[in-house]
*Asks:* 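One structure follows; several queries about it will come next.
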Amino acid sequence: MRRLITKRKTFSLMIIMAICAITTKTSAAEEIKNYKGTPFKKLEIPGTIEAEDYDNGGSDIAYKFKNGKDGNNKQYREDKGVSLNKNGQKTFIGHTSSGDWTNYTVNVMQDGVYTIETFCVSGSGNGRFFFELDGEPVCKLQNAPDDNWNNLSCSVKTDGIRIKKGKHILKWYTYGGMNIDKFTFTRTGDLIGNNTKPGGFDYKYPIITRQERNPLFVNLPSQMHNSPFVGNLYTADPSAHVWKINGKERLYVYASHDMEPSQGCDHMDRYHIFSTDDLKTWTDHGEILNSDDVKKQTGIGIDPIKYRKKRTEQGKISGVSL
């Protein structure tokens, strides 16, 4: 019976990973062409962009904001979908939640490497954010300074942002609660040779970390999906086994994982091995299997959107909710 269950589990795993195998990637040019938002103000880089000057276009185009009805400065602009607040002479975005974002159409005056100084604060200490440019992440996850909610003189600098001259769509994406005032872009260098692409982090396994609590669900580093940048690794469905190697028993955990920023369960298609002999010092041995590997070996690949649509239609016909 155990062997039968294992075979079924393996087969199900392969089907799930095959479903995840096909993804569609939009180019930067297509991202700009297809974007429906319009500038609220003329924004140029280098220079300062006020957070409240996000694009026109409405929810799910120019922004996504859970607590958009909040805020004491709604008179700043006609669009009322983002929580705009005022403290003295400063207008800023507040009442943020995980998953909120705002878009800005920007004109970059010169190719270069830029630093973004973000003036923000998180009184709860859990504010985090990152930037995208034309649909691509361009930095690691940043932590907002932990201070008084009204202290918008706090800032965090994000270095090494590589940007080409011309029109771009800048997205600010947040996790947790924070107040955000503005972004100041400073050109710090030229784009030279292979330096024209974002990322370039040295990311090699094995990675050994010391954890005081269960590490499989918190803050293990991982490369972000479709990006050279590193975020946090979140795992699920772990299977554990104790192996005896060189006369010593060691716990190995095999787990699937999601990426940060979250891409949904359709991208939870990669498997890592973790091991420990004391439940505190953990080694991430890296990725051992992913949906692309399955497709290369089996030739199986299913479009997840078409698959779900077909399953939903089948459920309606049979009267079963799927």
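Positions are given from 1 along the sequence. Because only heavy atoms are used, hydrogens play no part in the values below, and waters and symmetry mates are left out as well, while side chains stay in.
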*Asks:* When hydrophobic residues are tied together by side-chain contacts of less than 4.5 Å, even through go-betweens, does F119 share a cluster with I45?
*Replies:* no
*Asks:* Please step through ring-ring contact (aromatic ring centres under 6.0 Å, His included) for the pair Y254 and H272, ending with a clear verdict.
*Replies:* CA-CA 6 Å; Y254 306 83; H272 274 240; over 10 Å; no
*Asks:* Please name the pair of heavy atoms, one in R250 and one in T283, separated by the smallest distance, quoted to 0.1 Å.
*Replies:* NH2-OG1, 3.5 Å
*Asks:* Under 3.5 Å, is there a donor on one side chain and an acceptor on the other for Y173 and D100?
*Replies:*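 Not at all, the side chains of Y173 and D100 share no donor-acceptor pair under 3.5 Å.
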*Asks:* Can you get from W149 to V82 by hopping between Ile, Leu, Val, Met, Phe, Trp and Tyr side chains that sit under 4.5 Å apart?
*Replies:* no
*Asks:* Over all heavy atoms of both residues, which pair between S97 and N67 is shortest? Give the atoms and the distance, please.
*Replies:* OG-ND2, 3.1 Å
*Asks:* Should I93 and T102 be marked as a side chain to side chain contact (heavy atoms under 4.5 Å, CB included) after you check the CA-CA gap, both sets of side-chain angles, and the distance that decides it?
*Replies:* CA-CA 10 Å; I93 293 176; T102 48; 4.2 Å; yes
*Asks:* To the closest 0.5 Å, what do you measure between CG (D79) and CG (N56)?
*Replies:*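 Reported to 0.5 Å precision, the distance equals 6.5 Å.
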*Asks:* Is there side-chain contact between H168 and I163, with at least one heavy-atom pair below 4.5 Å?
*Replies:* yes
*Asks:* Just wondering, do V242 and Y252 contact through their side chains at under 4.5 Å, heavy atoms?
*Replies:*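 Counting from C-beta outward, Y252 and V242 never come under 4.5 Å.
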*Asks:* Mind listing the closest non-hydrogen atom pair of N148 and V121 along with its distance?
*Replies:* O-CG2, 3.3 Å
*Asks:* Testing the 3.5 Å rule here: is there a donor-acceptor pair between the side chains of N103 and T105?
*Replies:*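 Side-chain D/A pair, N103 to T105: absent.
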*Asks:* Does any part of the side chain of D134, heavy atoms only, come nearer than 4.5 Å to the side chain of E30, both counted from C-beta?
*Replies:* no
*Asks:* Looking at Q75, I'd like to know if its CD atom is crowded, meaning that more than 12 non-hydrogen atoms belonging to other residues, nucleotides or ligands lie closer than 6.0 Å.
*Replies:* yes
*Asks:* Would you say K280's side chain and T276's backbone share a donor-acceptor pair under 3.5 angstrom?
*Replies:*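 Side chain of K280 to backbone of T276: no pair is present.
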*Asks:* Report the distance from atom NZ of K86 to atom CG of L84, rounding to the nearest 0.5 Å.
*Replies:*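 If we round to the nearest 0.5 Å, K86:NZ and L84:CG are 11.5 Å apart.
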*Asks:* Could you tell me which non-hydrogen atom of D277 sits nearest to which non-hydrogen atom of E249, and how far apart they are?
*Replies:* CB-O, 4.2 Å
*Asks:* Using every non-hydrogen atom in the two residues, find where D190 and V113 come nearest and quote the distance to one decimal.
*Replies:* O-CG2, 3.6 Å
*Asks:* Is there a continuous path of hydrophobic side-chain contacts, each under 4.5 Å between heavy atoms, that joins L170 to F92?
*Replies:* no
*Asks:* What do you reckon, are the aromatic ring centroids of H95 and F65 less than 6.0 Å apart?
*Replies:*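 So the answer is no for these two rings.
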*Asks:* Using the rule side-chain hydrogen bond (donor to acceptor under 3.5 Å, both in side chains), only one of T158, T184, D159 pairs with T115; which is it?
*Replies:* D159
*Asks:* Evaluate the side chain to side chain contact (heavy atoms under 4.5 Å, CB included) criterion for residues R162 and L191: first the C-alpha distance (whole Å), next the side-chain angles of each, then the deciding distance (0.1 Å), finally the verdict.
*Replies:* CA-CA 7 Å; R162 296 158 173 83; L191 295 180; 3.8 Å; yes
*Asks:* Check whether any side-chain heavy atom of H285 sits under 4.5 Å from a side-chain heavy atom of F274, and report yes or no.
*Replies:*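 The answer is no; the side chains never approach within 4.5 Å.
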*Asks:* As a quick check of understanding, evaluate salt bridge (charged side-chain N to carboxylate O under 4.0 Å, His left out) for E44 and K42, giving each step before the final call.
*Replies:* CA-CA 7 Å; E44 293 184 345; K42 183 180 180 180; 3.5 Å; yes
*Asks:* Would you say the rings of F131 and F183 are close, in the sense that their centroids are separated by under 6.0 Å?
*Replies:* yes
*Asks:* Atom OG1 in T118, atom NZ in K157: separation rounded to 0.5 Å?
*Replies:*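 Atom-to-atom, T118:OG1 and K157:NZ are 11.0 Å apart.
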*Asks:* Looking at K165 and D111, is any side-chain nitrogen of the basic one under 4.0 Å from a carboxylate oxygen of the acidic one?
*Replies:* no
*Asks:* Identify the two heavy atoms, one from G177 and one from N126, that lie closest to each other, and give their separation to 0.1 Å.
*Replies:*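 Minimum heavy-atom contact is N-OD1, 3.3 Å.
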*Asks:* Would you call the rings of Y76 and F40 parallel, tilted or perpendicular, where under 30° means parallel and over 60° means perpendicular?
*Replies:* tilted
*Asks:* Are the side chains of F130 and W172 in contact, using a 4.5 Å heavy-atom criterion?
*Replies:*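 Of all side-chain heavy-atom pairs linking F130 with W172, none is under 4.5 Å.
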*Asks:* Would you call V253 and P238 a side-chain contact if the rule is heavy atoms closer than 4.5 Å?
*Replies:*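 The answer is yes; the side chains approach within 4.5 Å.
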*Asks:* Is it possible for you to check whether K64 lies under 6.0 Å from the centre of the six-membered ring of W101, through NZ or CZ, and within 45° of that ring's axis?
*Replies:*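 Not flagged: K64 not positioned over aromatic ring of W101.
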*Asks:* Quick one, L251 with L279, criterion side chain to side chain contact (heavy atoms under 4.5 Å, CB included). Give me CA distance, side-chain angles, the key distance, then yes/no.
*Replies:* CA-CA 8 Å; L251 175 67; L279 298 181; 3.8 Å; yes
*Asks:* Indicate the ring-plane relationship of Y54 and Y104, choosing parallel, tilted or perpendicular according to the 30° and 60° boundaries.
*Replies:* perpendicular
*Asks:* Can T91 and N73 be counted as having a side-chain donor-acceptor contact under 3.5 angstrom?
*Replies:* yes
*Asks:* Please enumerate all residues that pass side chain to side chain contact (heavy atoms under 4.5 Å, CB included) together with S153, with sequence neighbours excluded.
*Replies:*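 Residues passing side chain to side chain contact (heavy atoms under 4.5 Å, CB included) with S153: N151.
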*Asks:* Check S155, P145, C154 against C120 for a side chain to side chain contact (heavy atoms under 4.5 Å, CB included) and give me the one that passes.
*Replies:* P145
*Asks:* Do E117 and V156 have side chains that get closer than 4.5 Å, going by heavy atoms?
*Replies:*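 Answer no - side chains too far apart.
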*Asks:* Heavy atoms, side chains only, cut-off 4.5 Å: are D55 and Y35 in contact?
*Replies:* yes
